[in-house]
Visitor: 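My questions will all concern the structure given below.
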There are 2 protein chains.
Amino acid sequence: MAQTLARPVANLIEILSRLPGVGPKTASRLTFYLLREPNGLAIALAEALAALSAGTVLCERCFNVAEASPCPICADPARDQQQICVVEEPMDVLAVERTDAFHGAYHVLHGALSPIDGIYPEKLKIAELVERVRTSQPAEVILATNPSLEGENTASYIYQQLQATGVPVTRLARGLPVGGDLEYTDEVTLSRALEGRRSM
Amino acid sequence: MAQTLARPVANLIEILSRLPGVGPKTASRLTFYLLREPNGLAIALAEALAALSAGTVLCERCFNVAEASPCPICADPARDQQQICVVEEPMDVLAVERTDAFHGAYHVLHGALSPIDGIYPEKLKIAELVERVRTSQPAEVILATNPSLEGENTASYIYQQLQATGVPVTRLARGLPVGGDLEYTDEVTLSRALEGRRSM
């Protein structure tokens with residue numbers, strides 16, 4: 001049985017199955033697809049993967065993934081460096097940018113606090129944020145961590161750490177998602193929406 | 001917006017989304033996972049991909065993917081080279097091997113006939129199969145193409161091509177899947193199961 005699978009094939013299947021959401025079945029489907037694919041997709045993918053770490057750095061100011069440091073957002077004079085939006089991951093920067101509703105700077109934590117998984121404040125870019133806020137004294141820090149247990153804990157922790165700086169700290173609003181349905185909204189979200197109600 | 005995504009990141013997302021079943025969202029999730037992953041998974045994956053085409057060949061006899069030609073199955077004197085199991089893809093060899101119920105040789109067609117997709121007999125290893133059967137005169141050719149429209153058409157076509165050789169040609173049994181439920185079996189499968197009924 002083992003001998004029927006060429007080693008490079010078995011090896012790629014094994015490595016692909018380490019990716020999140022990719023099980024052994026998907027991994028072997030992808031591997032055999034890449035074997036069959038005549039247009040050099042496997043080689044293009046290999047090159048793109050090699051370029052990923054070789055061609056990117058973390059911005060020394062906001063810790064977003066970029067081609068150079070400072071990143072284009074930190075280096076852009078048209079962006080309001082007085083507003084710092086704190087997010088967990090580089091992907092979250094993309095999500096906020098897609099709204100086109102924020103024109104300030106970012107700070108990427110690279111995770112959320114989760115002591116059970118060994119993720120303590122030292123593992124995240126929290127000390128760097130506190131130092132950045134202390135020295136640059138921005139007009140506002142917006143905590144845009146996820147509305148999950150870890151995200152909330154991270155936001156609370158950062159809020160405590162920033163209090164000494166005297167800089168105003170805000171948190172993204174919680175409430176009904178646009179296009180949602182009251183009937184199907186979970187109770188926590190609905191009670192947050194009630195708490196956060198605004199006059200018309 | 002575009003400037004917020006480093007080019008190597010955007011490039012990897014684009015290439016990953018060309019894989020089957022991987023949309024832009026999954027592609028960017030995988031990309032940011034690979035960026036974050038500290039254990040060099042991206043590099044390991046790049047090397048495995050590069051080794052995939054460099055380290056594999058098609059067996060000159062059965063056209064399975066292998067490290068050398070002939071492949072271990074064709075080279076194995078313990079396997080019955082008088083039985084040839086014809087399958088569509090290298091993955092199907094694995095599926096048959098897992099049953100441990102077949103100890104003969106294989107022939108991988110590398111696809112199934114599908115004129116609408118431009119897959120004509122010349123694109124598959126059908127001429128090679130006919131030549132192999134003609135010269136080696138095996139005891140049996142088992143057509144194990146998929147029980148789909150394309151698989152059935154491919155099996156019929158190959159059967160016609162092999163008739164002149166006089167070699168017995170069989171087809172995998174169609175019937176109720178083990179563990180299945182009569183109530184939920186589609187009518188085509190059920191009528192095939194009735195046709196193929198056997199005395200107890």
Side-chain angles (χ1 to χ4, degrees), chain A residues 1 3-9 11-16 18-22 26 28-37 39-57 64-68 71-73 76 89-91 93-94 96-98 100 106 110-111, chain B residues 1 3-9 11-16 18-22 26 28-37 39-57 64-68 71-73 76 89-91 93-94 96-98 100 106 110-111:
Chain A
M1 165 71 214
Q3 66 167 356
T4 67
L5 205 54
R7 253 169 307 163
V9 176
N11 186 36
L12 181 57
I13 293 176
E14 191 276 315
I15 293 178
L16 281 171
R18 290 192 226 156
L19 292 172
V22 179
T26 307
S28 64
R29 198 150 32 79
L30 289 174
T31 298
F32 284 106
Y33 177 81
L34 287 165
L35 262 175
R36 202 172 48 215
E37 165 66 41
N39 302 320
L41 185 57
I43 297 303
L45 190 51
E47 285 167 0
L49 283 159
L52 186 66
S53 46
T56 57
V57 292
N64 194 5
V65 174
E67 283 166 84
C71 72
I73 295 180
D76 187 349
E89 299 290 349
M91 276 185 84
V93 172
L94 276 185
V96 176
E97 285 294 291
R98 269 194 295 264
D100 211 17
Y106 291 92
H110 290 274
Chain B
M1 166 69 214
Q3 66 167 358
T4 67
L5 205 54
R7 252 169 309 163
V9 176
N11 187 35
L12 182 57
I13 293 175
E14 191 275 315
I15 292 178
L16 281 171
R18 290 193 227 155
L19 292 172
V22 179
T26 307
S28 64
R29 198 150 32 80
L30 289 174
T31 298
F32 284 106
Y33 177 82
L34 287 165
L35 263 175
R36 201 171 51 215
E37 166 66 41
N39 302 321
L41 185 57
I43 297 303
L45 191 51
E47 285 166 1
L49 283 160
L52 186 66
S53 46
T56 57
V57 292
N64 194 6
V65 175
E67 285 166 82
C71 73
I73 294 179
D76 187 348
E89 298 290 349
M91 278 184 84
V93 172
L94 277 185
V96 177
E97 284 294 291
R98 270 195 295 266
D100 210 18
Y106 291 92
H110 290 273

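Only this structure's heavy atoms are used, side chains among them; waters, hydrogens and symmetry mates stay out. Order of the sequence lines sets the chain letters (A, B, ...), proteins ahead of strands, with each chain counted from 1.
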Visitor: Output the option from A:V93, A:L16, A:L12 having the highest count of non-hydrogen pairs under 4.5 Å with chain B.
Guide: A:L12
Visitor: So, do B:L19 and A:L34 sit near enough that their side-chain heavy atoms are less than 4.5 Å apart?
Guide: yes
Visitor: So, for A:A51 and B:P8, which heavy atoms are closest and what is the spacing to 0.1 Å?
Guide: O-CB, 3.7 Å
Visitor: Could you give the distance from CD (A:E67) to CG (B:L5), rounded to the nearest 0.5 Å?
Guide: 9.0 Å
Visitor: Under 4.5 Å from any heavy atom of chain A, what part of B:L30 do you find: side chain, backbone, both or neither?
Guide: side chain
Visitor: Which one wins on heavy-atom pair count under 4.5 Å against chain A: B:V65, B:T31, B:D100, B:V22?
Guide: B:V65
Visitor: For A:I43, which atoms come within 4.5 Å of any heavy atom of chain B: side chain, backbone, both, or neither?
Guide: side chain
Visitor: Counting neighbours of CZ on B:R7 that are heavy atoms of other residues, nucleotides or ligands and sit closer than 6.0 Å, is the number greater than 12?
Guide: no
Visitor: Which distance, rounded to the nearest 0.5 Å, do you find between the CD of B:E14 and the CG of A:L45?
Guide: 10.5 Å
Visitor: Please name the pair of heavy atoms, one in A:I15 and one in B:A44, separated by the smallest distance, quoted to 0.1 Å.
Guide: CD1-O, 3.6 Å
Visitor: On a heavy-atom basis, which atom in B:S28 and which in A:M91 lie closest, and how many Å separate them?
Guide: OG-CE, 3.5 Å
Visitor: Does any backbone or side-chain atom of B:E89 lie under 4.5 Å from a heavy atom of chain A? Answer side chain, backbone, both or neither.
Guide: side chain
Visitor: Can you say whether A:A42 sits under 4.5 Å from chain B via the side chain, the backbone, both, or neither, judging by heavy atoms?
Guide: both
Visitor: Which atom names give the shortest non-hydrogen contact between B:A48 and A:N11, and what distance separates them?
Guide: CB-ND2, 3.9 Å
Visitor: Using every non-hydrogen atom in the two residues, find where B:A50 and A:A46 come nearest and quote the distance to one decimal.
Guide: N-CB, 4.2 Å
